[in-house]
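A short worksheet on the structure shown next.
Reckoned from all heavy atoms, side chains included, excluding hydrogens, waters and symmetry mates. Numbers restart at 1 for each chain; the letters A, B, ... are given by sequence-line order, proteins then strands. Just so we're clear, the structure is a prediction, and the values are computed from it rather than from any experiment.
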Amino acid sequence: MLRFLHLYPEHMNLYGDRGNVLALAQRAKWRGIPVEIVHAGPGQAIEWSMVHLVFLGGGEDVHQARIANDFYSRRQDLTVALTEGLPMLAICGGFQLLGHYYRPQAGQDLPGIGFLDVTTEAGPSRAIGDVVSDTTLDLHPGTLVGFENHSGQTYLGSGVAPLGRVRWGHGNNGRDGTEGAVRQHVIGTYLHGSLLPKNPHLTDLLLSWALERAGEVVPLPPLDDQPEWMAHQVIVARQKQPAMSGVRLT
Amino acid sequence: MIRLWLAVWMSRLAGWASRLTGRGGSSLPGVVARRIDPRVLSRLTARLPQGAVLLTGTNGKTTTSALTAHLLRARGWRVIHNHAGANLILGLTAAMTQAARCRIYPRADVALLETDEATMSRASLETRPRAVLVTNFFRDQLDRYGELSTTVAFAARGIASLAEDGWLVLNADDPQVAQLGAGLRRVVYYGLAMPSPDGASDYQAVDAQFCPRCGQSLTYQRRFFAHLGWYECEPCGWRRPHPDLAVERWNRAAGEVEFDWRGHRLRLPWQLPGLYNLYNLAAAAAMALTMGMVPEQVEAALQNFRPAFGRMEPVRMDGATVWLALVKNPVGFNQVLQAVSEEPGFKVAVLLINDRYADGQDVSWLWDVDFEGWVGRTGIAAWWVGGIRARDMAVRLKYAGVAESAITIAEDPEKAFASARQAFPAATTYVLPTYTALLEIRRYLARRGHVRHFREG
């Protein structure tokens with residue numbers, strides 16, 4: 001049995017990020033692996049040793065600010081668990097909180113737990129549009145597709161690898177071509193879409209990490225992923241049509 | 001005066017020219033008018049005896065303004081009304097310049113203007129509205145405005161320019177909308193006073209469940225859908241305002257609704273499906289009553305109302321019924337699925353998802369729609385998916401548990417629709433398109449002679 005923890009689902013639920021949890025759960029169930037999805041909000045106790053994967057989505061700035069301190073207060077236990085191999089996927093605002101800090105346009109810095117060596121500052125404009133990246137993970141095919149919508153500009157430090165390099169789109173900061181970050185089994189990214197349903201190879205990698213964490217050495221039999229790859233391909237194909245802009249700054 | 005005259009006439013010329021060249025819905029008339037006289041919208045609305053009324057909010061603008069126009073016309077007012085989709089400043093301007101054929105100032109009593117949230121501030125500043133109606137705030141088109149709180153701020157800025165004797169008509173059941181009336185005197189609230197419906201799954205997309213005043217969690221005594229309901233903030237004491245107009249009972253089978261308007265009982269005929277349409281009706285009735293209509297007039301006027309195109313309008317085709325319902329955000333999509341589940345008969349669905357600018361370029365929102373909760377309850381036997389993002393829709397259905405054999409993909413919306421009709425000619429067909437897909441289907445139906453009227457508003 002796999003237990004997925006969806007952190008702050010009421011605050012951090014922008015842009016369909018719950019689709020990632022739905023995708024993880026379905027792909028486990030289709031292989032006969034039972035799944036339990038648990039939620040935790042601010043102030044609720046979490047027994048990290050019972051959790052096999054953590055998901056944290058993106059949220060509006062005001063909501064992100066409301067959970068940032070609660071998340072920060074969990075940094076010690078969470079860092080231990082992540083270091084021990086607990087897999088985690090964090091999108092957009094969630095990704096930012098895994099870094100050292102998020103500096104908004106106005107007001108105080110939001111502290112992050114610093115597990116990923118990244119920092120984020122609000123930029124003057126929003127990066128909005130389709131993204132195609134070549135991932136640094138050992139995945140086949142090597143592309144990740146999604147949709148970004150963020151004003152935060154994230155820069156990677158030396159202690160972390162990018163999740164991918166953008167072929168198409170803005171990425172972490174629009175300058176260095178990186179998208180997302182990865183350390184051990186922890187992935188931060190700006191990709192919505194939802195990300196996992198259209199990137200089944202990444203979903204299965206996260207599932208294999210979750211199984212490892214649960215101590216179950218179960219191979220993941222292949223599924224018929226034709227519909228998923230067709231949806232993936234719609235975005236990859238756009239890159240070949242230069243008339244369509246992948247990045248629009250508003 | 002010459003400048004205004006020129007602005008109006010050049011705008012009309014531009015309108016005729018773009019219609020002649022077959023480009024309906026062009027923004028040219030508005031551009032031309034405002035280029036010649038930037039104050040054209042102000043000048044034209046200022047002359048109307050009842051001034052301008054603005055309607056805004058995420059969902060229900062088009063149906064609510066069509067209903068309100070219908071009600072106000074029944075009381076004998078001449079109403080200027082913009083078309084759905086033409087709800088940015090250029091569209092509002094074009095509606096005013098093209099409202100009369102020969103004279104400069106249209107001979108009308110009131111301009112009823114459906115207004116995009118982001119246009120509220122400017123539209124309000126220019127028209128000094130006598131009334132503003134706000135329906136609801138849901139997450140929608142975040143690729144355009146970024147976040148929901150931005151949208152709420154837009155509407156608040158619009159309200160700041162309300163005429164001094166102006167009225168605000170607000171949905172009491174939406175905390176973010178009701179909050180706009182705090183501290184103001186001339187506010188009319190509407191809301192539901194029925195028992196909570198049976199929800200779908202408990203993993204629904206919820207936008208705002210935090211107190212707009214203090215940021216703490218709201219508790220709900222009743223919840224109608226999404227974040228609409230009877231809420232209260234225990235820490236700061238803020239709660240849903242008592243509505244002036246309350247929907248007390250809805251008998252779907254008999255097609256009848258009962259309202260309470262400040263102690264008066266209204267009994268209205270009502271055929272449209274879905275709780276969301278009930279909110280639209282309550283909003284329009286609240287606006288008409290605020291504008292001085294008497295309850296009996298409202299009751300009489302609703303006997304012959306026809307919905308706007310593509311907003312759950314039944315079209316008879318070869319002996320079967322085809323429903324068209326625009327879908328554009330999670331809450332609206334959930335509501336349409338709920339409405340489908342309440343209708344009887346053998347049903348098939350055609351979901352048409354485009355991702356052009358007017359549709360929203362990010363299709364992530366499909367994952368916030370509660371398909372997990374609804375697919376089993378809708379009674380839909382087969383699904384067709386079409387549009388530019390048909391593949392994403394197919395994946396969404398697959399992960400919600402729809403068998404792949406029950407899903408047919410045909411990217412061209414017309415082909416998807418035709419294929420569904422051909423496979424099940426006797427089935428009730430629910431066509432659920434995004435905005436530009438709705439336009440494609442409408443052109444197709446018009447070519448085949450199935451659309452009686454081109455009214456879009």
Check whether Leu195(A) gets within reach of chain B through its side chain, its backbone, both or neither, counting any heavy atom under 4.5 Å.
-> neither

Identify which part of Asp224(A) has an atom lying under 4.5 Å from any heavy atom of chain B, answering side chain, backbone, both or neither.
-> both

Any salt bridge (Lys or Arg N to Asp or Glu O under 4.0 Å) involving residues 394-403 of chain B? Give me the pairs, sequence neighbours left out, ordered by first then second residue.
-> Glu228(A)-Lys398(B), Glu372(B)-Arg396(B), Lys398(B)-Glu404(B)

Cation-pi check, Arg74(A) to Phe71(A): give yes when NZ or CZ is under 6.0 Å from the six-membered ring centre and within 45° of the ring axis, no otherwise.
-> no

Separation between OG1 of Thr143(A) and CD of Gln233(A), rounded to the nearest 0.5 Å = 7.0 Å

Of the listed Gly193(A), Ala23(A), Gly146(A), the one with the largest count of heavy-atom pairs under 4.5 Å with chain B is Gly193(A)

Got a sec, which residues hit ring pair (Phe, Tyr, Trp, His ring centres under 6.0 Å) with Phe371(B), two or more places apart in sequence or on another chain?
-> Phe333(B)

